[in-house]
Each structure stands twice: as structure tokens, then as C-alpha cells.
Amino acid sequence: MNLNILVLPGDGIGPEVIQEAVRVLRKVAEKGKHAVKLTEGLLGGVAIHKTGVPLPPQTAELAAAADATLLGAVGLPEFDDAPPEKRPERGLLGIRKAMGVYANLRPVRTYKALLDSSPLKNHLVDGTDMIIVRELTGGIYYGTPRGISGEGQSERAVNTMVYTRPEIERVARMAFSLARGRRKSVTSVDKSNVLENSQLWRRVVMEVGREYPDVALDHLLVDNCAMQLVLNPKRFDVVLTENLFGDILSDEGAVLAGSIGMLPSASIGERKASGVWTGLYEPVHGSAPDIAGQGKANPLGAIGSVAAMLEYSFGMKEEAEAVNRAIEAVLTSGRVTSDLKGTATTEQVGEAICRAL
Ligand code: IPM
Ligand code: MG
């Protein structure tokens, strides 16, 4: 195959973890005699520095031309006080929207070797294997009106949580289809006891659910879901939720796996004319500027994102499984970074994965 990939290293630890992810991608390609063509682009704080904006138009064009996009992380403390439109994060939201990647898949699973790194008791987390399907291009992240207006005691701020029926339908279909290849259970998460937005969400999810009679559907309110995630994480198979709830719940899910550095993500959009699914792949962790440049960052979330890319964008299931097995082997060997109580550097972990492959 020809793998035509855009790489957006971004800020903080982004470039370090992406370097190892690319190393693994090249290794997979070399073994399977696939041709990889990598293009690099600017996104986030680094893009603001070089071009004045967090998402240069050229980056969006490169993403549209590529088969898939691999992203590190964005965000730098120097922009903490900047208005939202001048922050690196706006670049991330912009590229997700520009690519139309509406379904963000965040698998949360435990590895035997990491059970002791989880803050929960081993017997509670052992066997956890869920995938959070987070709606990614709608909801309160993008809704208008938005903004801060007025002065003094009249100062007020507005954000708008808005979903249309088609936006809910397409992400729900994604969740149900995924569930069919797993344990056939979808838990939809909302706040329908308070929000009209969630009432529509629940109603549309139930309607879509009727198209999948073989998949069980239940509903949880988001506050209760936050609690169930730590009380009984094994009860979850596919968790379907809107953008902001998914953002919050997936960080909670991340610690179940031992470290947020472990979590990959895949954001999927429409199928292109070439037959390849539009996909943006990024680790769930942030740019962690406090440890950037020190070789301490865990690259396994980024490397897992390469596995997700192989699987979802290119349908290379075997290669994806090989990468995931290599991750498991390296975890068992103990050659891991300090977030997992190891002493290896970012680069050593990447090298170990390549050897395991
Ligand atoms: C994530 C991140 C982003 C989000 C930030 C960096 C804008 O927290 O991908 O979970 O909120 O979507
Ligand atoms: Mg987040």
C-alpha cells in the first residue's frame, strides 16, 4: 500500500512522541513493504510562532490531501491568557472541524503489566476494555452564540450546546457499528434530567438503536457515569457521548489504564472517494510542557495511535495488532517511562517497540 500521511508534531512533548510514532510506522511499512510518504505541517503554538495563527490554511489543505493525519499535542503555557481564538487549542478544534472527523474513538483497556499503576484496586480494573465514542465536531465546543460581553457587574459569558439530529445520528451509528464487532453493548451518556440538548440526544440514540436490534442499549446520566467508571469499569463496552462529556470522561477513563500517556485516539470522518476513511490520530494526553524536551514523555499513546491509523484508515488489521502486541510486550518487559515507574527514555521505548516488531 501507499501510505500518504500528514504529520503535525505540535507543541510540548508532541514532537518527541511523534518521532517515536513515526519510527514505528516506518518499521511497520518496511516489514510489510508498504511505501510511506510523510509530509509535515504546523499546528498549535508552533504555528502561531511561525505564521501568526494556530491553524494555517496550508495545514488544512495538507490534511485534506493526505490519506491520514498523525498529530502530537498542542498547547503552551505562554498562551494561557490569550483569548480563545489566539490559543493553540483553537488550531486543534479547527483541524477537527475542517477534516469533519466527528467520531472520536478512545479505547480504554487495562494491561496486566500496568495493573499496579492504576489508582484503583486490581480486581476492579483488571479486564476493563471499553471504547469511548466522543462526538467531536459539535456541541458546546463549537456552538454559537459564544463569547464574553459587557463590563463590570454586567459582564457575562455565553456558550451554546447545540446538536442537530443528523449530527447525533451519524455518531450513534458509529458507536453501534463498533459495538457489533465487540461485546454488543452501547451505553449512551447524557444529562437529560436537566438539558433539552440531552433529551434530543437520548431520543435520537434510541431511534438509531432500533436499527441495531442485536446491540443492547442503556443510558446513564453523566454524573452517574463518572461514578460508575471508577466503581465498575468492566460494565462498559462502548460509551457514546457528546463532545464535552466525552472530553471529561475520557480523562477519567485514562487513569484506569495506569497512565494517560497510554491512551491513543482515532477521530473518524467520512469515507473519501479513494475508499480511505478520513482520520486524525492523536494520543489523548496533552502537550505536557513541564516535561518537554527531557525524554520523559511516554510515547505509547502516540504509538497506539499509529496502530489505530493502520486499522481504521488503511484497514491493515494485522499490522495494527502487531503494534498492539509489541506495546504489550514492551510493557511486560518493564522498558517504560517514569509515569509507569520505569526508567526508559521516550526514544528507548520507541526502539524497544521496533525490536518487538
Ligand atoms: C482532548 C483535549 C482537547 C479537547 C483540548 C486540548 C482542546 O483535552 O483532546 O481531549 O478538549 O478536545
Ligand atoms: Mg481532553
Side-chain angles (χ1 to χ4, degrees), residues 8-15 17-18 21 42-48 53-55 59 63 69-108 130-143 146 159-161 163 167 171 189 222 225-226 229 239-257 259-269 279-290 292 297-298 301-302 304-305 308-309:
L8 304 172
D11 306 320
I13 59 171
V17 297
I18 287 300
L42 294 170
L43 186 78
V46 58
I48 301 180
V53 291
L55 173 59
T59 299
T69 298
L70 180 64
L71 169 68
V74 301
L76 289 175
E78 70 194 80
F79 298 106
D80 277 355
D81 298 323
E85 67 280 5
K86 296 231 165 68
R87 293 181 58 116
E89 288 82 357
R90 188 49 76 85
L92 180 57
L93 302 189
I95 190 110
R96 287 171 177 170
K97 192 78 172 177
M99 294 179 70
V101 286
Y102 61 84
N104 179 223
L105 319 183
R106 299 188 160 184
V108 175
M130 75 181 90
I131 184 158
I132 299 177
V133 179
R134 167 188 176 193
E135 200 291 329
L136 200 63
T137 53
I140 200 165
Y141 271 56
Y142 295 91
R146 67 183 297 158
N159 287 97
T160 304
M161 187 186 265
Y163 274 110
E167 284 178 309
V171 73
V189 178
V222 62
C225 179
L229 273 175
V239 177
L240 165 65
T241 193
E242 66 87 44
N243 204 342
L244 179 63
F245 298 161
D247 177 49
I248 298 168
L249 295 177
S250 60
D251 268 32
E252 191 187 354
V255 293
L256 301 174
S259 161
I260 194 166
M262 288 302 302
L263 252 73
S265 92
S267 305
I268 312 290
L280 172 67
Y281 301 86
E282 51 176 318
V284 170
H285 64 69
S287 57
D290 52 320
N298 183 350
S305 301
M309 172 187 285

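Order of listing sets the numbers, starting from 1, for every ligand and every atom in it.
- Nearest to atom 11 (O) of ligand 1 among the protein's heavy atoms is Y141 OH, 2.6 Å.
- Between R96 and ligand 1, an N or O atom pair is found at a separation short of 3.5 Å.
- Few gaps surround CG on D290; more than 12 heavy atoms of other groups in view lie less than 6.0 Å from it.
- When atom types are taken as modelled, the side chain of S305 and the backbone of Y281 share no donor-acceptor pair closer than 3.5 angstrom.
- Taking the Mg ion (ligand 2) as reference, D247 places its N/O/S atom OD1 nearest.
- Close approach to R134 involves these atoms of ligand 1, each under 4.0 Å from a residue heavy atom: 1 (C), 4 (C), 9 (O), 10 (O), 11 (O), 12 (O).
- One distance of note links CD1 of I95 with CG of L8; it measures 5.5 Å at 0.5 Å rounding.
- A donor-acceptor pair under 3.5 Å links the side-chain atoms of S250 to the main chain of G246, judged by distance alone.
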Begin from the C-alpha positions of F245 and V239 and carry the test side chain to side chain contact (heavy atoms under 4.5 Å, CB included) through to its verdict. CA-CA 11 Å; F245 298 161; V239 177; over 6 Å; no
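- Here is the list of ligand 1 atoms found below 4.0 Å of a heavy atom in D247: 1 (C), 2 (C), 4 (C), 8 (O), 10 (O), 11 (O).
- What sits closest to atom 1 (C) of ligand 1 on the protein, heavy atoms only, is R106 NH2, 3.4 Å.
- Considering each of L263, V74, L92, N104, the one bringing a non-hydrogen atom nearest atom 3 (C) of ligand 1 is L92.
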